[in-house]
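Worksheet: the structure to be examined is printed underneath.
This one's a predicted model, so the numbers in the text were calculated from it and none came from an experiment.
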Amino acid sequence: QVQLVESGGGSVQPGGSLRLSCEASGSIFRINNMAWYRQAPGNQRERVASISLDGTTIYADSVKGRFTISRDNAKNTVYLQMNTLKPEDTAVYYCFAYIMWSSEEREYFYWGQGTQVTISS
């Protein structure tokens, strides 16, 4: 069984910072792409940032220059450093990953349960 568990969410004032973590555990041979998504009430789930196995990153326009995604393969963990936070960043943030159980080239996708991020005065 594979699980993704997010942590680091909370409430912060505009301009503040938070760092989210997502640790994968279970039967893991290799984690390929990892990503952070977010969803605010009434909105579509939005891909915030992604990072490939080789470290290539992609960011949503709304967070470019403010957020940084990174990964620690030894810890099976992906991070999202969020700086200069704005009220519109308020959402539930979800971790996503494609994970291989073995070397047979088959990958499965997983979602974390989400962590609330609230930016308000």
Side-chain angles (χ1 to χ4, degrees):
Q1 303 296 322
V2 174
Q3 291 184 323
L4 304 180
V5 179
E6 302 99 335
S7 62
S11 182
V12 66
Q13 294 183 346
S17 298
L18 286 172
R19 190 180 77 155
L20 305 183
S21 299
C22 172
E23 182 178 1
S25 62
S27 182
I28 299 171
F29 174 76
R30 189 177 75 197
I31 303 176
N32 292 329
N33 191 72
M34 304 187 79
W36 287 97
Y37 288 73
R38 68 185 181 188
Q39 187 167 22
N43 289 1
Q44 297 291 319
R45 188 167 295 188
E46 171 192 22
R47 186 173 62 201
V48 176
S50 65
I51 183 167
S52 68
L53 184 61
D54 68 2
T56 301
T57 58
I58 300 173
Y59 296 93
D61 288 342
S62 58
V63 307
K64 286 180 179 177
R66 300 188 298 119
F67 290 11
T68 302
I69 188 171
S70 61
R71 61 191 289 169
D72 185 336
N73 293 329
K75 297 181 179 180
N76 290 330
T77 299
V78 63
Y79 305 94
L80 185 67
Q81 178 66 47
M82 304 185 292
N83 298 326
T84 319
L85 284 162
K86 304 175 180 179
E88 51 263 44
D89 295 319
T90 296
V92 177
Y93 284 70
Y94 297 92
C95 180
F96 176 90
Y98 278 108
I99 296 175
M100 296 172 61
W101 297 352
S102 70
S103 60
E104 298 300 315
E105 293 293 332
R106 185 172 182 85
E107 63 181 7
Y108 303 85
F109 67 88
Y110 296 89
W111 289 97
Q113 293 300 117
T115 184
Q116 178 70 48
V117 171
T118 302
I119 298 88
S120 66
S121 299

Scan the side chains in residues 47-56 for donor-acceptor partners under 3.5 Å anywhere in the protein, sequence neighbours excluded, and list what turns up.
from: S52; atom 1: OG; to: D54; atom 2: OD1; distance (Å): 2.4
from: S52; atom 1: OG; to: T56; atom 2: N; distance (Å): 3.1
from: D54; atom 1: OD1; to: T56; atom 2: N; distance (Å): 3.0
from: D54; atom 1: OD1; to: T56; atom 2: OG1; distance (Å): 2.8

For residues 99-106, which side-chain N or O atoms pair as donor and acceptor with protein atoms under 3.5 Å away, sequence neighbours left out?
from: W101; atom 1: NE1; to: Y110; atom 2: OH; distance (Å): 2.7
from: S102; atom 1: OG; to: E104; atom 2: N; distance (Å): 3.3
from: R106; atom 1: NE; to: Y108; atom 2: OH; distance (Å): 3.1

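Screening residues 30-104 for disulfide (SG to SG under 2.5 Å) gives C22-C95 as the qualifying pairs, with residues at least two apart or on separate chains. Applying the disulfide (SG to SG under 2.5 Å) test to pairs two or more places apart or on separate chains, none has a residue in residues 28-62. The stretch residues 28-54 participates, sequence neighbours left out, in these ring-ring contact (aromatic ring centres under 6.0 Å, His included) pairs: Y37-F96, Y37-W111. Residue pairs meeting the disulfide (SG to SG under 2.5 Å) criterion with at least one partner in residues 36-88, sequence neighbours excluded, do not occur; the list is empty. Pairs engaging residues 18-45 under the salt bridge (Lys or Arg N to Asp or Glu O under 4.0 Å) rule: R38-E46, R38-D89 [sequence neighbours left out].
In this structure, Q113 has no side-chain hydrogen bond (donor to acceptor under 3.5 Å, both in side chains) partners at least two apart in sequence or on a different chain. Residues that satisfy the side chain to side chain contact (heavy atoms under 4.5 Å, CB included) test with V12, not counting sequence neighbours, are L18, L85, I119. In terms of the side chain to side chain contact (heavy atoms under 4.5 Å, CB included) criterion, residue partners of T68 (sequence neighbours excluded) are, by chain and number, Y59, Q81. Contacts of S70 classified as side chain to side chain contact (heavy atoms under 4.5 Å, CB included), with partners at least two apart in sequence or in another chain: Y79. Residues satisfying the side chain to side chain contact (heavy atoms under 4.5 Å, CB included) criterion with D61, sequence neighbours excluded, are K64.
Y94 and F67 fall into different hydrophobic clusters, where Ile, Leu, Val, Met, Phe, Trp and Tyr residues are linked whenever their side-chain heavy atoms come under 4.5 Å apart, directly or through other members.
With a 6.0 Å radius and a threshold of 12 heavy atoms from other residues, nucleotides or ligands, E88 has its CD atom above the threshold.
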Evaluate the side chain to side chain contact (heavy atoms under 4.5 Å, CB included) criterion for residues E6 and L20: first the C-alpha distance (whole Å), next the side-chain angles of each, then the deciding distance (0.1 Å), finally the verdict.
-> CA-CA 7 Å; E6 302 99 335; L20 305 183; over 6 Å; no
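Side-chain contact between V2 and I28: present, with at least one pair of heavy atoms (C-beta onward) separated by less than 4.5 Å.
Rounding to the nearest 0.5 Å places CD of Q1 at 9.0 Å from OG of S27.
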